[in-house]
Amino acid sequence: MICCTLLSLIACKKAFPPAIPEEEVLDGPIDGLTAQEKQQFLRGDVAFNDEVFTANKGLGPLFVANSCGSCHAGDGKGHPFTTLTRFGQTDSTGNQYLHAGAPQLQNRAIPGYVPETLPAGIGFSKILPPANTGLGLLDAVSDADIMAMADPFDANGDGISGVPNWVSMPAYTQPRPGAMPLGGKYIGRFGKKGAAYDLLQQTANAYNQDMGINTSFEPYDTYSHLEVDPEVSNATVHDVVFYLKTLKAPVQRNVTDEAVVAGRQIFQSIGCDKCHRPELKTGNASIAALANKIFYPYTDLLLHDMGSGLDDGYTEGHAQTSEWKTPALWGLGLSKQSQGGQYYLMHDGRAHSIRDAILLHGGESEQSNNNYQRLPQEDKDKLVKFLESL
Amino acid sequence: MKIFIFNFKRCNILYAFGLILQAFVLQAQTDSSAFKRRPTDTTQLPLNMDAVYNRPFLQYKKIPVALGGYVEANTQYAVTNGVSDGFSFQMKRMTLFVSSSIHRKIKFLSEIEFEDGTKEINIEFAALDVQLHPLLNFRGGVIMNPIGAFNQNHDGPRWEFVDRPLSATQLLPATFSNVGFGFFGKTYQRNFVWAYEVYLTNGLNDRIIGNVSNRTFLPATKQDPDRFEESFNGVPLTTAKTSLRVKKIGELGLSYMGGVYNKFQDDGLALDKRRRADVLAIDFNTTLPGSGTTLITEFAWIFVDVPDTYTQQYGSRQHGGFIDIVQPIICRKMLGFENASFNAAVRAEYVDWNKGTFRETGGNIADDAFAIVPALSFRTSPQTVFRLNYRYQVQTDLLGNPASRTGAIQFGISSYF
């Protein structure tokens with residue numbers, strides 16, 4: 001009788017919580033991975049989302065977060081709880097405060113240690129952890145395509161003059177096939193200023209700067225500044241990089257909704273798409289599932305002057321302090337689900353609604369902001385509805 | 001320099017267990033009818049603190065040694081947000097206990113637990129009790145810290161649920177035992193019995209705020225392999241409990257456990273200030289005279305001095321508890337079992353691992369879980385229970401993002417032997 005009851009209950013699907021629709025979550029792999037690639041994805045998933053560092057496992061002693069998942073819950077945007085603080089660089093001559101713990105403030109410490117504090121009077125940026133999704137697709141866009149979108153001298157006179165952030169590559173990274181260096185520098189495409197060349201650099205830096213975990217790629221301890229033994233294996237770092245590369249792109253929702261369709265047209269008509277480019281394509285890629293794909297991230301991967309309101313007096317690479325890389329808008333509508341039910345938008349989370357975020361756009365995007373403000377309320381609502389569908 | 005050290009040799013206990021078991025097996029080969037089940041005490045208003053001795057021990061003739069144990073195994077099928085890893089069968093634990101009367105006023109009891117196969121082997125209890133007066137008994141050895149009622153009364157066959165309560169495993173360290181000494185006593189007056197326990201033992205360690213659970217987690221202190229060898233920081237842990245049972249009303253227990261958890265000095269060098277962890281628990285149980293309905297509840301509050309400069313992932317306040325309601329439906333001879341019963345039960349439980357607000361936003365820190373567990377159980381006797389549970393659990397992460405929802409069907413058996 002008990003067995004029958006048990007089997008009946010198991011057979012009754014209503015006894016179990018249903019799956020969340022794929023388009024409502026950010027995690028999960030891209031389509032087309034091989035069985036071996038899926039295994040590496042799962043290893044990376046565990047290292048990224050489940051591995052928690054403690055003092056015994058190498059955490060810190062100075063750190064910001066103690067796991068990758070602390071900053072990127074559900075692979076989505078972060079929460080102010082784990083906001084990063086960067087300081088010490090105001091122009092392209094490099095960071096002048098490396099001796100004082102720059103570029104990143106480690107504002108937490110394991111018991112018995114004292115965390116860092118900002119040097120007095122210095123400019124700094126608060127940087128909210130970004131979402132991880134679709135990064136492999138962005139990584140596989142060719143330099144040629146990025147250069148084709150750049151318009152450093154505003155040749156077309158539209159007021160938009162996107163430029164790449166030219167950065168020095170660390171020795172452990174390899175240029176992409178077809179890379180287009182300029183004066184020994186390469187196009188950075190990850191991070192809010194686009195200062196990281198690839199996901200290996202981004203990952204190794206995050207282990208080191210965010211968690212105080214040293215790898216063979218970034219072996220210098222942020223507390224002692226001495227070279228120390230790796231606390232995470234190269235294999236694990238590569239698994240995490242693979243995981244980040246193969247996380248699926250966010251899936252747009254309510255695509256046929258009339259307001260969403262209208263909102264998309266408004267998005268284009270007021271000029272948002274000049275920087276937030278809807279469509280990009282990948283070139284050749286080492287992971288077959290990423291190669292030669294068309295995708296819809298709503299970014300051009302270029303730096304734009306966002307005006308004095310967003311100028312924190314800090315920068316990275318060749319970017320100016322008022323310049324920020326166009327953030328991808330895909331997954332925007334799901335942001336709240338990883339930020340504790342509230343929006344924290346823009347680079348530091350200062351905007352608590354999509355409307356607030358639009359109104360903070362200045363510099364090259366000021367015209368679009370003005371266009372938005374002139375819209376009737378009904379069209380503003382449609383625009384927001386479209387952005388929430390991404 | 002170690003200021004306060006208790007030492008206990010686990011291997012000696014295991015060896016003694018082996019010898020006693022061997023003796024019993026040899027005796028059994030000669031005359032199995034000589035074994036008798038020692039009756040449990042049902043006459044004197046038993047308290048949770050009595051659970052350690054109030055078990056169905058097996059005794060051979062008049063040898064002053066009694067053996068016992070229990071086993072718990074189950075299967076479960078769980079689905080979280082539509083994703084399942086399928087069926088799994090679990091051998092949760094097997095526990096062996098041996099008690100002996102060394103003298104009319106001196107008793108020894110030991111309990112060894114094998115959890116998850118042999119993944120964990122723990123001495124849960126191995127203590128000598130010396131009665132000086134009914135109100136003053138000395139206890140020394142490996143002591144089960146009496147924080148909350150479940151820690152004292154945790155034997156699987158006594159419960160209608162496959163899983164132990166969340167608050168007993170996720171907040172309080174279930175079956176938390178340490179080496180130490182202390183006193184306990186009890187007094188009876190007509191319709192009530194009052195008891196107390198107070199112990200000093202080895203204590204907590206800094207794993208409670210440095211563990212892979214990524215939250216303040218007192219049970220992590222059990223992962224220190226040296227805790228039976230020496231105190232982590234030289235400061236004893238104080239545990240005290242008082243209970244009052246009034247006939248026809250029930251038993252109310254209040255307990256406290258507290259001490260320093262960090263290594264504030266080493267080799268004479270000051271490393272940090274003394275940081276405390278303090279736990280308060282209240283428990284109550286009763287059986288309604290008319291319906292036979294049993295109600296068991298326990299609630300705990302935990303306060304931990306977490307450094308301000310550490311991550312808020314590890315909270316300084318936690319609380320949680322559970323309430324079980326068990327209703328006998330049929331009590332009669334069934335399937336050839338004389339004292340069988342069929343019961344319906346339900347458990348509601350809640351834990352908040354991190355009570356507080358984010359410094360950065362002022363928003364609530366979530367990291368909590370709620371579960372409801374309806375259950376059916378069939379007891380062939382009070383010692384053996386078959387149980388069928390449905391568990392529905394809602395768990396929210398630190399940030400308060402959409403909760404994960406788990407539904408699980410669990411079927412298990414637990415029995416004394």
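Below, read A as the first sequence line, B as the second, and so on, with proteins coming before strands; counting in each chain starts at 1.
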Which value, rounded to the nearest 0.5 Å, describes the distance between A:I20 atom CD1 and B:R405 atom CZ?
9.0 Å
Over 12 non-hydrogen atoms of neighbours within 6.0 angstrom of CZ in A:R355
no
Considering only heavy atoms, which portion of B:I209 lies under 4.5 Å from any heavy atom of chain A: side chain, backbone, both, or neither?
side chain
Closest contact, heavy atoms only, A:P17 versus B:Y392:
CG-CE1, 3.9 Å
For B:T309 and A:Y113, the nearest pair of non-hydrogen atoms, with its separation, is OG1-O, 4.2 Å
Report, as yes or no, whether the 6.0 Å neighbourhood of atom CG on B:D226 holds more than 12 heavy atoms from other residues, nucleotides or ligands.
yes
Under 6.0 Å from the NZ atom of B:K222, do we count more than 12 heavy atoms belonging to anything else shown?
yes
Looking only at heavy atoms, the pair that brings A:K57 and B:V212 closest together is NZ-CG1, 3.8 Å
Among the listed options B:T361, B:T396, B:D272, B:V306, the residue most often paired with chain A at heavy-atom distances under 4.5 Å:
B:T361
Portion of A:Q339 that has a non-hydrogen atom of chain B nearer than 4.5 angstrom:
backbone
Among residues 40-54 of chain A, which ones touch chain B with a heavy-atom distance under 4.5 Å?
A:V52, A:T54
Does a sphere of radius 6.0 Å around NZ in A:K192 hold more than 12 heavy atoms from other residues, nucleotides or ligands, not counting ones at 6.0 Å or beyond?
yes
Proximity breakdown for B:N211 and chain A, heavy-atom pairs closer than 4.5 Å:
backbone
Which of the residues B:N401, B:T406, B:L399 is involved in the greatest number of heavy-atom pairs with chain A at under 4.5 angstrom?
B:N401
Heavy-atom count check: over 12 atoms from other residues, nucleotides or ligands less than 6.0 Å from A:D356 CG?
yes
With a strict 4.5 Å heavy-atom criterion, list every residue of residues 64-81 of chain A that contacts chain B, or say none.
A:N66, A:S67, A:S70, A:A73, A:H79, A:P80, A:F81
Please classify the contact of A:F63 with chain B as side chain, backbone, both or neither, using a heavy-atom distance under 4.5 Å.
side chain
Shortest non-hydrogen contact from A:A109 toward B:Y310
O-CD1, 3.4 Å
